[in-house]
Amino acid sequence: MSAQQPSGGTMSSYAGFTRLCKGLAVVLIGGHIVVQILPISVSYLALIPAKTIPFGWNLITAGYLEQSILGVVVNTIGLLFIGKLLEPIWGSREFLKFIFVVNFLTSVFVFITSISLYYITQEEAYLYHPISGFQAVLSGLLVGIKQIIPDQELSSLKIKAKWLPSLSVLVSTFLCFFTGESLSYVPTIIFGTYIGWIYLRYWQSKPETKLRGDPSDEFAFSTFFPEFLRPVIDPIGTIFERICCGRRSEASPETRGYTLGGTSLPGSDPIEASRRRERGARALEERLAAERLAAAQRTEDASENV
């Protein structure tokens, strides 16, 4: 009698991780091992604002350096499962580009914020506290989940996917009142969420349609907030439109297709944005169906081998 195979339902949840995400997971785990073996490496690889000018590379390396075991576990698992959904839809090149842009710009904004806070408060902790971790990129990827499957309910949390980025920011901000490590992760989560939205809202290119961004009302800045706050937040969203889309006169009438308060979003199409979300939801359904089918097949094979 042959050995019975593991439960297909359990194994299928861990199958199908992309090669790129596995590679990035190895980088995160490897970075943590380096920190444990050579603690001094934090001084060269983490974002320490006082040392960023001579060690400018830490604007890039800080995002892939995990100092705590909890950070390694949470960010690695999040990367693998979110990447499993987003990378096939975006493509590996676009997925990697998104990670690089969100990581780098988050580090730049955190650096500027730390320097500004030092000059305001004269607290040297803002200059010398090492900041690192993948949480900024993970927060940006949650915005991608919000964009593609906003109304998909997560059975484990009993909430819709569109609230994941807001919940992440809210929980991290709440926890900062109870832990002294808030300086390490709260700014990166906030900036990572914001930059992830900016990238997907205005910058992400669509080669198949030659369009750029997602101008739909369902992905507006105010959708990160509860309904009763949106009348207050919408004017702020209008400012974003004007800043990011100020050169609209160069866009042709065929590429505009969307306005908000008289401001056009060049190269965007709300219909395409809606189709993209439909493709995302369909891809998720097909992937889940394939996993259920594979699980059933493994269960059948195991029964035959008994």
Side-chain angles (χ1 to χ4, degrees), residues 20-21 23-76 78-79 83 93-141 143 168-169 172-173 175-176 179-199 202-203 243-244:
L20 175 58
C21 288
L24 289 172
V26 170
V27 171
L28 297 181
I29 296 172
H32 179 68
I33 294 174
V34 169
V35 169
Q36 300 305 309
I37 298 175
L38 298 172
I40 195 174
S41 62
V42 174
S43 299
Y44 298 95
L45 299 178
L47 176 60
I48 303 177
K51 297 183 178 181
T52 297
I53 298 302
F55 302 151
W57 59 78
N58 64 29
L59 292 173
I60 297 175
T61 58
Y64 309 103
L65 185 70
E66 293 293 348
Q67 299 183 53
S68 69
I69 186 63
L70 179 62
V72 174
V73 173
V74 172
N75 290 324
T76 300
L79 168 66
R93 182 176 180 179
E94 179 62 28
F95 187 77
L96 186 60
K97 180 182 176 182
F98 177 88
I99 290 176
F100 178 83
V101 170
V102 171
N103 175 57
F104 177 72
L105 290 184
T106 295
S107 295
V108 170
F109 278 103
V110 169
F111 169 75
I112 295 173
T113 302
S114 298
I115 297 295
S116 301
L117 289 174
Y118 167 72
Y119 280 109
I120 293 172
T121 66
Q122 294 298 306
E123 291 287 341
E124 292 190 352
Y126 292 116
L127 292 181
Y128 293 100
H129 188 82
I131 301 173
S132 66
F134 199 71
Q135 60 271 6
V137 175
L138 197 65
S139 299
L141 292 175
V143 179
S168 173
V169 172
S172 63
T173 303
L175 290 177
C176 78
T179 174
E181 297 299 320
S182 59
L183 186 64
S184 301
Y185 61 85
V186 174
T188 56
I189 290 176
I190 293 175
F191 282 121
T193 301
Y194 173 68
I195 294 169
W197 175 77
I198 286 288
Y199 183 93
Y202 303 109
W203 300 342
I243 292 175
C244 297

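Just so it is clear, the model here is predicted, and its values are computed rather than measured.
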Practice task
Tell me, please, which residues at least two apart from N103 pass side chain to side chain donor-acceptor pair (under 3.5 Å).
Solution key: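 Checked N103 against side chain to side chain donor-acceptor pair (under 3.5 Å); zero matches.
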Problem - Results of side chain to side chain donor-acceptor pair (under 3.5 Å) for S132 - residues two or more places apart only - result: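 Here the qualifying residues are Q67.
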[X]: what forms a side-chain contact (heavy atoms from CB on, under 4.5 Å) with it, not counting sequence neighbours?
X    : value
L141 : L79, I82, L86, W90, F95, F98, V137
V108 : L59, F104, I112
Q36  : H32

Quick check for you: to the nearest 0.5 Å, what is the distance between [X] atom [atom1] and [Y] atom [atom2]?
X    : Y    : atom1 : atom2 : answer
W57  : T61  : CH2   : OG1   : 8.5 Å
T113 : F109 : OG1   : CZ    : 8.0 Å
I69  : I29  : CD1   : CD1   : 8.5 Å
T106 : I131 : OG1   : CD1   : 11.5 Å

Problem - Least distance between heavy atoms, S172 atom then I189 atom - result: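 Reported closest heavy-atom pair: CB-CD1, 3.6 Å.
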Handout entry: Where L138 and G78 come nearest, the two heavy atoms and their spacing
Key =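 Of all heavy-atom pairs spanning L138 and G78, the closest is CD1-C, 3.5 Å.
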Please examine the side chains of [Y] and [X], heavy atoms only from C-beta on, and report whether any two atoms are closer than 4.5 Å.
X    : Y    : value
L65  : P130 : no
Q135 : N75  : yes
S139 : V169 : no
L105 : Y199 : no

Please set out all donor-acceptor pairs under 3.5 angstrom arising from side-chain atoms of residues 38-51, sequence neighbours excluded.
unit_1, atom_1, unit_2, atom_2, d
S41, OG, L38, O, 2.7

Handout entry: Pair F100-I60, side chain to side chain contact (heavy atoms under 4.5 Å, CB included): steps then yes or no
Key = CA-CA 8 Å; F100 178 83; I60 297 175; 4.1 Å; yes
Practice task
Give a yes or no answer on whether the side chain of T76 reaches the backbone of V73 with a donor-acceptor pair at less than 3.5 Å.
Solution key: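 No, T76 side chain to V73 backbone: no donor-acceptor pair under 3.5 Å.
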Exercise for the section: Take the angle between the ring planes of F134 and Y64 and call it parallel below 30°, perpendicular above 60°, tilted in between. Expected result: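 Because their plane-to-plane angle lies in the 30° to 60° range, the rings of F134 and Y64 count as tilted.
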